[in-house]
Amino acid sequence: GAGVSQSPRYKVAKRGRDVALRCDPISGHVSLFWYQQALGQGPEFLTYFQNEAQLDKSGLPSDRFFAERPEGSVSTLKIQRTQQEDSAVYLCASSFRDRDEKLFFGSGTQLSVL
Amino acid sequence: AQSVTQLGSHVSVSEGALVLLRCNYSSSVPPYLFWYVQYPNQGLQFLLKYTTGATLVKGINGFEDEFKKSETSFHLTKPSAHMSDAAEYFCAVSLGDSSYKLIFGSGTRLLVRP
């Protein structure tokens, strides 16, 4: 596709359930990022992949959060046993080169945990 | 820890008027500086990046960034606002060792009055 695609666009989950959020980066982009954006705040870094390697996961809030990019393209962010504080917009971004700071963002997945 | 502060969650200007969005950062070492823009229902879009040594950087859509090292601030300006400039603007910084990781401000929503 022409841009970064994220699905679903909206996700409502009952507290305690697991969710999986998908990101399709721009074809050929080496780097992939996940950010979390709470209401009224700027995006906060979660994790970074270079191809299939997860080089930085320091921003993941807890061990309930897990991200993977097994073939170096599509990535999935999984949240286990969701809590209300997990409610946010989850943004995926990709860039052509490693450490190329011009990021291309998807429209995000808005997660609401009830 | 590095922090980024955007001054004013909302800025309202008349069409044709000067646009000035302000951003401060805390760092003993000048970081890399960026502006991103988010139009309604769209992902964040790269606007411009500050290059070391420059005090004025030109971005897309007529926007410019002025860097003031002594004040640890950088401001986004546009001489004449257009209705299509209405959006949310985020400044961001990254540090050399982790230059892939953007630290965002909380955003400024620009309103343009006809």
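As a basis for the values below, the full set of heavy atoms in this structure was taken, side chains included, without hydrogen atoms, waters or symmetry mates. We name chains A, B, ... by the order of the sequence lines, and we start the count at 1 in each one.
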For [X], is the [atom1] atom crowded, meaning more than 12 foreign heavy atoms sit under 6.0 Å from it?
X       : atom1 : result
L114(A) : CG    : yes
R9(A)   : CZ    : yes
E85(A)  : CD    : yes
R15(A)  : CZ    : no

Nearest heavy-atom pair of [X] and [Y]: which atoms, and what distance?
X       : Y       : answer
Q41(A)  : F90(B)  : O-CE2, 4.1 Å
G43(B)  : S107(A) : N-OG, 3.8 Å
L103(A) : Y36(B)  : N-OH, 2.9 Å

| Which portion of E44(A) sits near chain B, non-hydrogen atoms under 4.5 angstrom | neither
| said: Side chains of L102(B) and Y35(A), heavy atoms from C-beta outward: is any pair under 4.5 Å? | reply: yes
| Considering only heavy atoms from C-beta outward, does the side chain of Y100(B) approach that of F45(A) to under 4.5 Å? | yes
Transitively linked via ILVMFWY side-chain contacts under 4.5 Å: [X] with [Y]?
X       : Y      : result
L110(B) : Y39(B) : yes
F74(B)  : V37(B) : yes
I103(B) : Y89(B) : yes

| note | Here the gap from L55(A) atom CG to K101(B) atom NZ, rounded to the nearest 0.5 Å, amounts to 11.5 Å
| field | From NZ (K102(A)) to CG (L48(B)), nearest 0.5 Å | value | 11.0 Å
| request: Report the option among G106(A), C92(A), A38(A), P43(A) that has the most heavy-atom pairs separated by less than 4.5 Å from atoms of chain B. | output: P43(A)
| task | Hey, can you tell me if F105(A) and F104(B) have their rings parallel, tilted or perpendicular (30° and 60° cut-offs)? | result | perpendicular
